[in-house]
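Single-structure report; data block below.
Labels below follow one simple rule: chain letters A, B, ... track the order of the sequence lines, proteins then strands, and each chain is numbered from 1.
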Amino acid sequence: MTPRTTRPDAPLLSVRDLRQSFRVSSGTVFGGRRSVRAVDGISFDVPRGRVLGIVGESGCGKSSVAKSILNIHTPTSGSIRFDGTDLATLDAAGWRALRQDIQYVFQDPLGALDPRMTVLGQVVEPLIIHGLGDAAERRARGGEMLEAVGLTGDMFCTFPHELSGGQRQRVVLARALVLKPRLLICDEPVSALDVSIQAQVIRLLEALKESLDLTIIFISHDLSLVRYVCDDIAVMYLGRIVEHGPTGTVFTRPRHPYTRALMSAIPVPEPDQDHETIILPGEPPSPFNPPPGCRFHPRCSLQEPMCRSTDADLEPMDAPAHAVACHVVHGRGTAA
Amino acid sequence: MTTLSVASKILRALITVFLLVSFVFVVLRLSGDPAIQMLGVDADPRALDAFRERWGLDRPIWDQYVSYLWNIFQGDFGHSFIGNRPATEVVAERLPKTLWLMGLTTIFTFGIGIPAGVYAALHRNTAVDRLTMGLTVASFSLPNFVVGIVLIMLFGVVLRVLPTAGSETWLHYILPVATMATADAAIFARFSRSAMLEVLSAPFMRTARAKGLLWTEAVRRHALPNASIPIVTVGGIYVGRQIAAATITENVFAWPGIGKLLVASVQNRDLAVVQCIVILVGVTMVVTNLLVDLAYGWLDPRTRSGESK
Amino acid sequence: MTTALPTDRKTWRVDLGDMPPSVLVSAAWVSLMAVIALLADVVAPYDYQDMDLLGRLKPPVWMDGGTWAHPLGTDDLGRDVLSRIIESLRISLFVALLGTLIGAVLGTVIGFTAAHFRGWVDHVVMVLIDFQAALPFIILALAVLAFFGNSFVLFVLVMGVYGWERYARIVRGLALSASSHGYAVAVRTLGANPVRVYLRHILPNMGSAIIVNMTLNFPETILVETSLSFLGLGIQPPLTSLGNMVGFGRDYLLTAWWIAVLPSIVIFVTTLAFSLLGDWLRDRLDPTLRGT
């Protein structure tokens, strides 16, 4: 692989003030449309060779972040830079080339595979799309990749429905990695699999990360998994990042009340240990109609008057690279 | 159903009617000089000029379109060049014959088809059931004119008991109505059978039995009303089939209705009459579909309250 | 209808042993008709236009006065009924085949267009589908033939329009559901352009739905064609169709019933065979289409 890096110390991916709104039809001719802000002004960096975990409840916008980066949905505003290139400036050809560098692994491996194409055919297809190699070379590369993810030659000519869930996800991984991407976005890559299979696929992902020199964004609602896999963690709530920092810091010293509630819900190995589960009151508010001020305030035990009127931005904490978006944690709140 | 969804359904129906009328205008214009189309190639040049002036054919196309719409709106569809009478008058004269034919057919279709289907569903896998199903498959492949020819052969030529052309006596009604009802009764039998089977296997039927309701009572009170919903939804398709079937059947039996008039007008290129019939049929279909749509919302309580899709 | 894509590739394999007898017979009949239509010039004993005014209204061979010279008798102009049926069969099947193919391509393209562009394009297509459904096809065909006059090419095109809205509706639904999630998005994120996604991935996956619709559309097209020809507004002499033969033979039901009745039987048996075959294919290939 030829490194295309310009500045080795600069982050591979840099997201600034990303917003993503969807217009949703209400269903009748006269009904008009409503807007949902799935992602509402988030910023983060992914340094080279590291794994960033994005966690949060379903509907918090974590998948929308991935889809914005991949331009499955064009961002409403904000900038995304990959290796110094602003993605908004890319034309169709630029995007085609970029697709080699950024790859996506889907949650549902069966849905992500064409039911009428053989396993080898699926893995070779990216090479055909990007016009790499001749037919024999493509088959060789596809075969190597399939072996690298742990599939044997007798499976190359089977169809997706003949494989197990874990095997399908390996095929999806092989298809994503055959182009030798630099950034891999995994959207709930193992949540559709049995727990025993999950561990296998995660170990495979780790091994491939080392051998292929990957940078990974790992999206999941499963905190124990994220703690195991990721170097950094961003916690999302209703389209915003509320806490961001190194995995160790965020897990041992979570500061945002939402993060603390999430962490307290992780099952612990020794149940007799002193462990208090924080139960959040209420449901997450509708993204159609987010509360004013800090979005978390209706469910927050620490809320102060300021929280109800002014939104909180990520601000650095004392620990390195740790940032939290909370007025109370930063010693304000009563001021307003 | 909300007022909003009713309003939007009516709006869609109006748009469809508007499209239909516009479609006829466009096709008419594409096909040549409307004056000659309407009055005939050998028409008096002064009549042609008068026609052009009356329909404003010397004016710009959008202006013509607007006045065309206005004329249609007022019920002026132009003159049939056969007899030089308003097209609407020619069509109205033939309409009762077709309505009689379709009305009688409907009585027989429903009167035979639905009970047969319900009976077949209640006696599943018996000889009656299999006969009904076999007949329906065959009827899909039997065009009306073939049924008509076979009936004429049988009752007109071999047995010589029934008249095969015209509409003078009630005896004349038998063969055309039989021709149209055969196919549709079979289709309705099949449809009501599957609707009935679906309802019979529904959980609420088991509940009705379990709470001690007699089977016949359960069928009457729960199964039949629920099975009627899908039967109503095919009402639009049924009217469409009836119109198509009447067009063919009237020509087999020389029945003096709209269908025979349409075919004769197409052969004579009497475009004012063709245009009038096409719009009449289209509006009938749109109104039927609208009524079915509304009736469906009214019959099915699940869509009655709250927003329907 | 449901828009789930069939996922099991194995269903494509057709096992002769699984066919019920009625379907086997249908398949045999359809094959026979296809062979006869293809080899019409070789199989037909006479040219279908050859007249023999001295041998008019000869009955079929099994009736008094029938001879093996004209196994199915002759018509009012002394033309061989068997030869005319063979030629009519050829034309009716040819028109139905062309019409079905045109309809499938037209409907598929429109369906994909609606699904790809969405927004107002999709709305326009849906209104057109409504409009098509609002007018019985035979009335539409009669109107077009009235306004433009009849020609063979126009007639075939009109037959091609028949049924387009069903393909459009099926293809639009399947393309919408396929492109919104799953492998279509996956392939797009690999860098494939929309044409590749539609042609290489979505189209093959809806292939069975389209083929099933074609086999169901084919006999219906035969019925529409023969009905219009019966009314004298379809295939025009000197060409002949099964519907034409019935239409012209109707006047001779009293004296020479075979002219009208024999082609009627061919129409009935052939469309029945195609329908049975189509129903069976639908149940085998695409259970999701049942009841539409």
Would you please test W257(C) and V158(B) for side chain to side chain contact (heavy atoms under 4.5 Å, CB included) and show each step?
CA-CA 11 Å; W257(C) 57 266; V158(B) 179; over 6 Å; no
Check the surroundings of atom CD in E198(B): do more than 12 heavy atoms from other residues, nucleotides or ligands lie under 6.0 Å from it?
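12 or below, so no.
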Atom CH2 of residue position W62(C) - does it have more than 12 heavy atoms of other residues, nucleotides or ligands inside 6.0 Å?
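Result for CH2/W62(C): enclosed.
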Passes side chain to side chain contact (heavy atoms under 4.5 Å, CB included), L135(C) versus M285(B)? Steps please.
CA-CA 7 Å; L135(C) 207 58; M285(B) 289 299 298; 5.6 Å; no
side-chain hydrogen bond (donor to acceptor under 3.5 Å, both in side chains) against S192(B), all qualifying residues, sequence neighbours excluded:
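For S192(B), no residue satisfies side-chain hydrogen bond (donor to acceptor under 3.5 Å, both in side chains) once neighbours in sequence are set aside.
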Contact class of [X] relative to chain C, heavy atoms under 4.5 angstrom:
{"X": "F191(B)", "answer": "neither"}
{"X": "I15(B)", "answer": "side chain"}
{"X": "V252(B)", "answer": "both"}
{"X": "L262(B)", "answer": "side chain"}
{"X": "V274(B)", "answer": "side chain"}

Partner chain C: residue of [options] with the largest heavy-atom pair count (under 4.5 Å):
{"options": "I152(B), I248(B), I277(B)", "answer": "I248(B)"}
{"options": "L20(B), V17(B), V239(B)", "answer": "L20(B)"}
{"options": "A244(B), A13(B), A138(B)", "answer": "A138(B)"}
{"options": "V286(B), L142(B), V24(B)", "answer": "L142(B)"}

Pick one of side chain, backbone, both or neither for I138(C), based on which atoms fall under 4.5 Å of a heavy atom in chain B.
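Only the side chain of I138(C) comes within 4.5 Å of chain B.
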With only heavy atoms counted, which part of I265(C) is less than 4.5 Å from chain B, the side chain, the backbone, both or neither?
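Neither part, no heavy atoms under 4.5 Å.
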Those residues of residues 222-234 of chain C, ordered by number, that approach chain B below 4.5 Å (heavy atom to heavy atom):
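Contacts with chain B: L223(C), T226(C), S227(C), F230(C), L231(C), L233(C).
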Less than 4.5 Å apart, any side-chain heavy atom of [X] and any of [Y]?
{"X": "I267(C)", "Y": "F145(B)", "value": "yes"}
{"X": "V281(B)", "Y": "P136(C)", "value": "yes"}
{"X": "M153(B)", "Y": "L254(C)", "value": "no"}

Of the non-hydrogen atoms in V266(B) and L142(C), which two are nearest, and what is the gap between them?
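Here V266(B) and L142(C) meet closest at CG2-O, 3.7 Å.
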Provide the closest heavy-atom pair for R250(C) versus N251(B) in the form atom of the first, atom of the second, distance.
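Answer, listing the atom of R250(C) first, then N251(B): NH1-O, 2.7 Å.
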Show the numbers, then the answer: is there a side chain to side chain contact (heavy atoms under 4.5 Å, CB included) between V146(B) and V261(C)?
CA-CA 8 Å; V146(B) 169; V261(C) 171; over 6 Å; no
